[in-house]
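The structure appears below as structure tokens.
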Amino acid sequence: MSALLDSFATAFESLQSREAAGLGETRRAALDAALRDGIPHARVEAWKYTPLRALERRAFAAPSASVATFDDALLADIPAPRIVFVNGRFDAPHSDLSGLSSGVTLQPLSQVLVEGEPREANFLARRFDRSDEIFARLNAALADDGFVLRAESGAQSTQPIHIVLIGAPAQTDQAWHLRHLIELRDNASLVVVEHHLAPGAHNHLANQLTHVHLGANATLRHARVQDEAAGATLMARTDAVLAKEADYRRLDLELGAGLSRHELNAALHGNNARLHANGVLLASGKRHIDTRLGIDHVGRDTACELTWRGMASGRSKAAFHGGILIREGADGTNAQLSNKNLLLSEGAEIDTQPVLEIHADEVQAAHGATVGQLDQTALFYLRSRGLSSEQARALLTAAFCRETLSVFEPGDALRTALEARLDAALERLGAA
């Protein structure tokens, strides 16, 4: 057995919440499946572009029982309501749940497990049957914290709810497994912002799995900003299910981490369900960023619009897989995928794989993917107008990425804040 899995097996034996909410057998079965099938190799299609050999040889300690400290300035621009986790542990002093709208509840998963009500934790019992779902299985076995966000029918909130996930320096490399739930019942509406941050250098591993359940006519605006430390490893997965006329709009900014992978799976079960999911992948140095989309159109007259932009410099690598499945009977589907990428240096690599599978007749569907370099004509034009080479490149790369912000309305305060985060990351990329 690999050092990685061996360290997780050891952590499982000391997991205090292992039997909570009647999940003991489920957790054991998930761990046994992960240990039996092992870490996927490069010949497994779903992991073809994600390098795991070096990670497989590493061992990680379980998170410390005490919450790591960090400079409070890290949260200066993140208002309440917010829930904070540091190295996989709920940080009550830095969390502030005041200001939640009526009908909206937010609590740490650790509290749900202590209360031990099986119905409240039933999302943890989900099974992952495919052998390539290694980190989902490990999460099912080892997750002992995370957040549970629920909105009752008709609950409305335009004030963003902030989820802050911090990787902080520690004496030993640690691994944590967080499980999250965002559940909106019929006609509910929420805005959620995830912040993945690091106050200093570290080499930890974070394994996170988020369930998103949207009831009929529910609306969720969801931004995820991943700006982890350069040595961090982040394995993330989001599984979303949309009922009829649900509207899910999200933006993913992949700006940091040494090795990061995010799987976004969305099943549009209800008629007229809509998904608008955009993202930016910024790779620099020796970083590796991997994103996989799996969009499943089941109901009639569903729609997805996916706009992703990638840039790579130095010796970094970025990989993108955009999979769209239109099932039999999903007539009226409108599915659009665009993935454009820029190579900013000779040593960088970008791999893109759009996949469109159609089993219905009356649909509109298109996908396109490109990998290229900055337009030399545009650079020359800007230089001829008095801009320096650096200014011209910065202007073109910013314009290239900002298209993804269309998932939020112009003038929206959240869009403005996300644009500032993106611009700061582009400045770092240009200076690398």
Side-chain angles (χ1 to χ4, degrees), residues 1-63 88 109-110 112-113 118 121-146 148 165 174-181 204-213 233-241 259-267 290-292 294 296 321 323:
M1 187 163 56
S2 69
L4 180 68
L5 293 181
D6 187 55
S7 66
F8 288 156
T10 300
F12 180 82
E13 297 304 324
S14 59
L15 188 68
Q16 294 185 356
S17 60
R18 190 173 62 193
E19 304 294 332
L23 293 167
E25 291 186 8
T26 300
R27 288 185 181 274
R28 173 62 71 176
L31 179 67
D32 289 345
L35 299 181
R36 180 189 67 239
D37 292 328
I39 304 295
H41 47 70
R43 293 189 299 275
V44 176
E45 182 62 30
W47 292 90
K48 181 178 180 180
Y49 295 107
T50 308
L52 296 177
R53 294 286 75 86
L55 180 64
E56 189 177 9
R57 294 191 291 269
R58 295 178 62 190
F60 294 88
L109 176 61
S110 52
V112 174
L113 293 174
N122 59 9
F123 64 96
L124 292 173
R126 178 179 168 184
R127 293 179 54 183
F128 300 93
D129 296 326
R130 299 200 322 267
S131 61
D132 61 9
E133 296 180 291
I134 176 64
F135 288 96
R137 286 174 166 179
L138 291 170
N139 189 285
L142 293 161
D144 59 354
D145 219 334
V148 179
L165 305 155
Q174 301 175 4
W176 53 87
H177 309 262
L178 297 178
R179 193 72 162 266
H180 312 304
L181 172 67
H204 304 317
L205 165 64
N207 177 23
Q208 305 183 37
L209 200 163
T210 304
H211 301 273
V212 176
H213 297 163
T233 300
L234 178 60
M235 298 292 171
R237 171 170 167 169
T238 303
D239 289 349
V241 179
L259 170 61
S260 68
R261 174 184 168 107
H262 180 217
E263 300 176 27
L264 172 59
N265 305 307
D290 193 348
T291 291
R292 293 184 64 86
D296 189 358
H321 173 93

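Count residues from 1 along the sequence.
Annotation: side chain of L113 is not in contact with side chain of R179 (no heavy-atom distance under 4.5 Å). A 4.5 Å side-chain heavy-atom check between F128 and N139 finds every atom pair outside the cut-off. By the 4.5 Å heavy-atom criterion applied to side chains, I134 and I39 are counted as neighbours. Counting heavy atoms from C-beta on, the side chains of F123 and L109 come closer than 4.5 Å. Using a 4.5 Å heavy-atom cutoff, the side chains of L205 and R58 are not in contact. Between E133 and L209, the closest side-chain pair of non-hydrogen atoms is not below 4.5 Å. Taking the side chain as every heavy atom from C-beta outward, R237 and R261 never approach each other to under 4.5 Å.
Under the 30°/60° scheme for interplanar angles, the aromatic rings of F8 and F60 are found to lie parallel.
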> Would D290 and R292 satisfy salt bridge (charged side-chain N to carboxylate O under 4.0 Å, His left out), going step by step from the backbone distance to the final call?
Replying inline: CA-CA 7 Å; D290 193 348; R292 293 184 64 86; 5.7 Å; no
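Among residues two or more places apart in sequence or in another chain, the side chain to side chain contact (heavy atoms under 4.5 Å, CB included) test is passed with H262 by R224, A236, T238, R250, D252, E254, L264. Taking H204 as the reference, W176, H202 meet the ring pair (Phe, Tyr, Trp, His ring centres under 6.0 Å) condition, with sequence neighbours excluded. Residues satisfying the side chain to side chain contact (heavy atoms under 4.5 Å, CB included) criterion with P51, sequence neighbours excluded, are L259, H288. Partners of A42 under the side chain to side chain contact (heavy atoms under 4.5 Å, CB included) rule, at least two apart in sequence or in another chain, do not exist in this structure.
Between L15 and A141, the shortest heavy-atom distance links the atoms CD2-O, 3.6 Å. Nearest heavy-atom pair, D145 versus G88, reported as atom, atom and distance to 0.1 Å: CB-O, 3.8 Å. Across all non-hydrogen atoms, the minimal contact from R27 to F12 is CB-CE1, 3.8 Å. Taking each heavy atom of R57 and A3 in turn, the nearest pair found is O-CB, 3.5 Å. In terms of heavy-atom proximity, A34 sits nearest to L138 at CB-CD2, 3.8 Å.
Legend: salt bridge (charged side-chain N to carboxylate O under 4.0 Å, His left out) pairs involving residues 33-47, not counting sequence neighbours, sorted by first then second residue: D37-R137. Residue pairs meeting the salt bridge (charged side-chain N to carboxylate O under 4.0 Å, His left out) criterion with at least one partner in residues 8-22, sequence neighbours excluded, are E13-R18, E13-R28.
Annotation: the span from L35 atom CG to D6 atom CG amounts to 9.0 Å, rounded to 0.5 Å. We find the CZ-OG1 distance between R126 and T26 to be 13.5 Å, quoted to the nearest 0.5 Å. We find the CG-OG1 distance between N265 and T210 to be 11.5 Å, quoted to the nearest 0.5 Å. Atom CZ in F135 sits 9.0 Å away from atom OG1 in T50 (nearest 0.5 Å).
Side chains of N207 and H177: a donor on one and an acceptor on the other come within 3.5 Å.
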